[in-house]
Undergrad: 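Sharing a structure, written as structure tokens. Questions coming.
Per chain, numbering begins at 1; letters A, B, ... match sequence-line order.
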Amino acid sequence: MRAAMLVPWAIITVVSARIWEWMLQPTRAGFFNTSSTTSASPTAASPSSRLASLQVPAMVMIDVWKTTPFMALLLLAGLSTIPRELYEAAEVDGAGPIRRFFSITLPLLTPTLAVALIFRTLDALRVFDLFQVVYGEARYSMASYAYYQLIAVRNVGMSSAASVVIFIVIFVFAIFYIRRWGSNATSKRKRVTKVLGRSASGS
Amino acid sequence: MASISSSSSRSPEGTSQELQLTRRAALHGQNPGVTVDVLDTPDLADDRLGLYLQFFEAQSSEVDVYQIDVIWPGDLAVHFVDLFEYGAATSSAQHFPAIVENNTVDGRLIGIPWFTDAGLLYYRTDLLEKYGFDGPPATWSELTEMAQTIQDGERAEGNADFWGFVWQGNAYEGLTCDALEWIASNAGGSIIEPRRHHHRQQPQRRRDHRPRRQLGRHDQPAGRHGLRRGRRPQHVAGRQRRLHAQLALRLLARSGRTAPSPASSTSARSRPATPRGGPRRDARRLAARREPLQQQPRARRRRGALPRLLRGAEDPRHRGQLNPTIMALYEDADVLEATPFFGSLYDVFINAVARPSTATAPNYAQVSSAFYRAVHSVLTGRRGRRDRARAARARPRGADRASPPGALSPTPRVGPAASGGPRHPTDRTGRVEPFDPTRPVAEDHRPRSRRRCSCGRESPEGAGAVEARPREERMALWLLLPSFLIIAIVAIYPLGRVFISSFTNERFAAGTDIRGEFVGFQNYQQLLSMTLRAVPQRSTPTGNPDVEDGAPVYENARLFLRRSTPACATIRSHLRPVRQPLRPRRGQRPDFIRGVWDTLVFTVSSVALETLLGMIIALTLAPSSSAAV
């Protein structure tokens with residue numbers, strides 16, 4: 001089951017992006033276009049312009065399809081580190097499932113969650129392959145704009161400036177995450193270990 | 001040993017054919033003692049250019065002869081030898097003059113034409129007969145009319161997916177070809193005329209915007225919304241049918257610098273089924289690919305092989321089904337017998353309207369993409385006709401310094417953008433020190449005792465705490481030092497390099513003796529600056545300016561922005577101005593600002609969704625004993 005979950009993650013991004021691009025074609029060839037038009041209007045005659053306004057959401061959908069398994073796996077690993085005694089104790093104390101999730105799972109998962117979020121955010125900020133394959137020069141991400149400036153326009157200066165802007169944006173995100181979770185997460189983990197250590201020695 | 005870089009740009013069949021031909025030509029051109037390797041290259045022309053540029057930038061001597069695209073000579077000339085020095089004058093005279101001229105940069109012949117192609121209109125004779133047309137269309141308006149009639153008729157008979165006319169309308173280089181063909185055949189000239197004057201709109205040109213747009217709206221099912229590139233099999237997938245069967249006409253040659261002369265157009269008019277916009281000039285482009293063989297300067301020592309290679313390329317047998325560039329072959333009896341339509345192609349190639357690649361070099365890519373994107377946004381209805389003409393005029397700003405400034409900036413600009421001068425100023429001083437790769441980047445010159453603390457995370461107590469660290473920890477840091485050095489080399493060096501070059505106007509693979517100049521923050525200014533535009537005053541239904549309590553009332557800035565500059569609508573909410581009249585704004589490089597915005601939206605929404613879904617999946621899959629909820 002877990003292995004099967006990883007299939008989208010295992011497919012090379014270029015390949016999956018091309019597959020999705022075909023499915024998103026606003027023509028007869030496009031899966032979404034065809035399946036949505038045949039029922040409503042039998043002609044499928046008009047190339048559906050509605051897909052144009054959904055370009056970024058389409059990208060998000062592809063990325064979610066592809067990367068959710070990775071996220072799930074990371075979180076799964078984090079979950080398995082949470083000692084089950086805590087849940088048993090909470091159950092004895094009469095905590096319901098929702099309370100258990102917010103009081104035990106979420107706080108103890110925070111370090112894992114922070115790592116996973118940082119990974120994914122920094123990854124998504126420099127997205128290149130998805131935009132390059134699906135939209136080419138019709139719509140850019142930051143990174144594919146830098147590529148376009150370098151290869152097609154051959155303007156190293158402009159391309160470098162775009163890259164520096166990417167760097168700064170990523171830097172801002174990284175600072176935010178570290179401020180928000182970096183020290184907090186470690187201290188929390190220490191506190192938890194301390195608590196566990198005391199309970200272990202106490203018993 | 002000589003290497004040839006070969007490749008292909010279209011369909012799979014085209015790919016293998018070109019590669020095979022290159023191999024055969026290479027074999028033929030072999031001297032004893034010279035081995036020829038044929039390298040495989042990417043299919044798409046853009047990707048191939050990227051690869052070539054990397055070879056040039058690296059001063060690689062691996063490849064001696066390049067197969068290049070028709071739009072590249074002006075840009076890449078500095079990397080190739082002058083073939084006139086190798087006795088190419090006689091053989092180049094046999095080729096179509098427009099192509100040879102396109103390959104001649106500053107009097108240097110940098111490539112020998114190999115083959116060329118032309119777009120053709122395919123149509124179905126059975127359908128023409130069925131709907132009572134005598135023959136294929138001769139003008140664009142006839143084409144529109146006939147395609148519409150046939151499409152309506154076929155759809156009425158239940159063939160819901162029938163399309164009257166299918167053409168490439170996606171936003172990429174191919175659209176430049178199509179749109180240029182359209183404009184030129186309506187006597188609109190080229191995008192940029194050979195004398196480097198930006199094209200000024202001619203009155204005639206307006207008339208035919210409408211039919212094309214109709215075609216765009218009704219008859220063009222192809223991936224118009226930016227789903228990339230004209231992959232024809234995709235476009236005609238399903239039950240869609242092209243008008244096709246018999247080869248009839250041409251389309252336009254895309255190279256050469258000059259528009260067709262009146263004399264040539266009269267001869268062309270006698271040709272059957274050539275869409276023309278009324279009694280106007282006929283237009284042709286040389287199609288995208290002509291494959292000159294080129295040699296790199298560093299390979300001069302291998303010159304012995306070159307003439308034979310060129311002869312190999314000229315041999316008609318090594319051209320297969322691809323259209324030759326040698327004029328005589330179009331009148332050759334054997335050739336005509338094998339492929340009768342060649343005779344009519346001759347005129348097509350002789351009267352070429354250029355994609356202005358040489359006139360705009362080295363900025364052709366920008367000009368072209370500004371052009372095809374403007375055309376694409378008109379086709380998709382995202383921009384009006386008038387806007388489009390304005391945009392097509394205004395965008396290639398960086399490309400054309402020679403033209404009068406009035407023709408180029410139709411919108412008044414204020415603010416930082418207005419001061420953005422030419423991108424390659426010559427009057428600036430302050431050159432950037434050439435980066436010295438031999439200088440050690442990662443070496444740490446600080447005294448030993450202080451070097452330690454640079455390796456680990458600073459402890460909150462400050463540097464004094466270093467001494468308090470346990471021995472093992474210090475040991476660990478020492479052991480980690482090599483990896484930190486490696487990281488410094490592979491990460492910090494490129495970062496510094498990028499940072500430095502972002503302040504220059506350096507060009508990629510521009511040749512050895514050309515260095516970028518320091519331009520300060522100009523690149524950033526261009527990337528990030530905005531253009532402010534005045535919001536028009538609102539007018540009352542009677543047409544008078546609206547005034548309320550003595551103060552003028554302005555239009556809603558949001559609506560105005562959305563109407564005028566769709567590309568930048570995304571940034572509107574972030575930069576709220578203080579003063580009323582200068583509300584909407586667009587980036588000088590709206591693509592980048594939109595790219596930043598798109599990327600941020602993409603990142604935030606996809607990460608949020610992934611976390612949520614990932615959490616759900618993880619909780620579901622977690623062993624029931626632990627996290628089970």
Side-chain angles (χ1 to χ4, degrees), chain A residues 1-2 21-22 24-29 42-45 47 49 51-52 55-56 59-60 63-64 67-68 71-72 75-76 79-80 82 84 87 97 100-101 105 117 120-121 124-125 127 134-142 145 150-158 160-165, chain B residues 46 49-50 53 160-161 171-172 221-229 234-235 237-238 240 362 365-366 369 380 498-499 501-502 504-509 516 519 523-524 526-527 591-592 595-596 598-599 601-603 605-607 609-611 613-615 617-618 621-623 625-627 629:
Chain A
M1 181 61 197
R2 291 187 194 186
E21 188 213 336
W22 283 339
L24 289 168
Q25 287 268 343
T27 63
R28 258 297 188 205
T43 57
S49 56
L51 289 178
Q55 281 178 338
V56 173
M59 293 287 96
V60 172
D63 198 59
V64 167
T67 332
T68 302
M71 205 70 171
L75 294 180
L76 204 52
L79 280 180
S80 61
I82 301 176
R84 39 188 298 196
Y87 290 99
R100 263 179 282 157
F101 175 75
T105 313
L117 274 181
R120 278 306 306 144
T121 311
L125 279 174
V127 60
V134 179
Y135 293 132
E137 271 157 33
R139 194 154 194 168
Y140 302 103
S141 72
M142 289 192 290
Y145 186 81
L150 181 66
I151 297 299
V153 185
R154 295 175 62 193
N155 191 339
V156 175
M158 193 66 76
S160 304
S163 308
V164 172
V165 172
Chain B
D46 287 351
L49 179 62
L53 290 175
D161 287 329
Y172 84 121
R224 291 185 353 207
H225 301 298
L227 295 173
R228 190 190 195 187
R229 281 185 193 129
Q234 280 297 319
H235 296 172
Q240 207 176 87
Q366 276 162 293
S369 90
T380 48
V498 163
F499 193 70
S501 61
S502 71
T504 66
N505 62 2
E506 204 178 322
R507 282 179 64 71
F508 187 46
V519 295
N523 289 323
Y524 293 97
Q526 288 205 5
L527 275 181
D591 288 342
F592 183 69
V596 173
D598 281 353
T599 310
V601 170
F602 170 81
T603 302
S605 44
S606 71
V607 169
L609 275 172
E610 278 157 22
T611 313
L613 291 175
M615 182 72 87
I617 295 176
L621 290 184
S625 54
S626 70
V629 180

Undergrad: Shortest non-hydrogen contact from B:Thr599 to A:Leu125?
TA: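 Smallest interatomic distance, heavy atoms only, reads CG2-O, 3.3 Å.
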Undergrad: Supply the atom-to-atom distance A:Arg120 CZ to B:Ser606 OG, rounded to the nearest 0.5 angstrom.
TA: 6.0 Å
Undergrad: So which heavy atom on B:Arg507 is nearest to which on A:Val153, and how close?
TA: NH1-O, 3.4 Å
Undergrad: Nearest 0.5 Å please: distance from the CZ atom of A:Arg154 over to the CG atom of B:Leu53.
TA: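 Reported to 0.5 Å precision, the distance equals 5.0 Å.
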Undergrad: Using the side-chain hydrogen bond (donor to acceptor under 3.5 Å, both in side chains) criterion, which residues pair with A:Thr121? Sequence neighbours excluded.
TA: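 Result, side-chain hydrogen bond (donor to acceptor under 3.5 Å, both in side chains) vs A:Thr121: A:Tyr177.
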Undergrad: Decide yes or no for B:Ile617 and A:Met71: does some side-chain heavy atom of the first lie under 4.5 Å from some side-chain heavy atom of the second?
TA: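 Not in contact.
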Undergrad: From B:Glu610 CD over to A:Leu75 CG, what is the distance, rounded to the nearest 0.5 angstrom?
TA: 11.0 Å
Undergrad: If we only count heavy atoms from C-beta on, is the A:Leu117 to B:Thr611 side-chain gap below 4.5 Å?
TA: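 Yes. Closest side-chain heavy atoms under 4.5 Å.
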Undergrad: At what distance, to the nearest 0.5 angstrom, does OG1 of A:Thr68 lie from CG of B:Leu613?
TA: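 Reported to 0.5 Å precision, the distance equals 5.0 Å.
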Undergrad: If you take all heavy atoms of A:Val164 and B:Ser502, which pair is closest and at what distance?
TA: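 Of all heavy-atom pairs spanning A:Val164 and B:Ser502, the closest is CG2-OG, 4.0 Å.
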Undergrad: Just jot down the side-chain hydrogen bond (donor to acceptor under 3.5 Å, both in side chains) partners of B:Ser501, sequence neighbours excluded, or say none.
TA: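 Partners of B:Ser501 under the side-chain hydrogen bond (donor to acceptor under 3.5 Å, both in side chains) test: A:Ser160.
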Undergrad: Over all heavy atoms of both residues, which pair between B:Ala618 and A:Ala72 is shortest? Give the atoms and the distance, please.
TA: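 In terms of heavy atoms, the two residues are closest at CB-O, 3.7 Å.
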Undergrad: Need one label for A:Val127: side chain, backbone, both or neither, based on atoms under 4.5 Å from any heavy atom in chain B.
TA: side chain
Undergrad: Counting C-beta onward and ignoring hydrogens, is there a side-chain heavy-atom pair between A:Tyr145 and B:Leu527 closer than 4.5 Å?
TA: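 In short, these two side chains touch, coming nearer than 4.5 Å.
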Undergrad: Taking all non-hydrogen atoms of both residues into account, name the closest pair between B:Asn523 and A:Ala161 and its distance.
TA: CB-CB, 3.7 Å
Undergrad: Just how far is it from atom OG1 of A:Thr67 to atom CG of B:Leu609, taken to the nearest 0.5 Å?
TA: 11.0 Å
Undergrad: Please name the pair of heavy atoms, one in A:Ala162 and one in B:Phe592, separated by the smallest distance, quoted to 0.1 Å.
TA: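 In terms of heavy atoms, the two residues are closest at CB-CE1, 3.7 Å.
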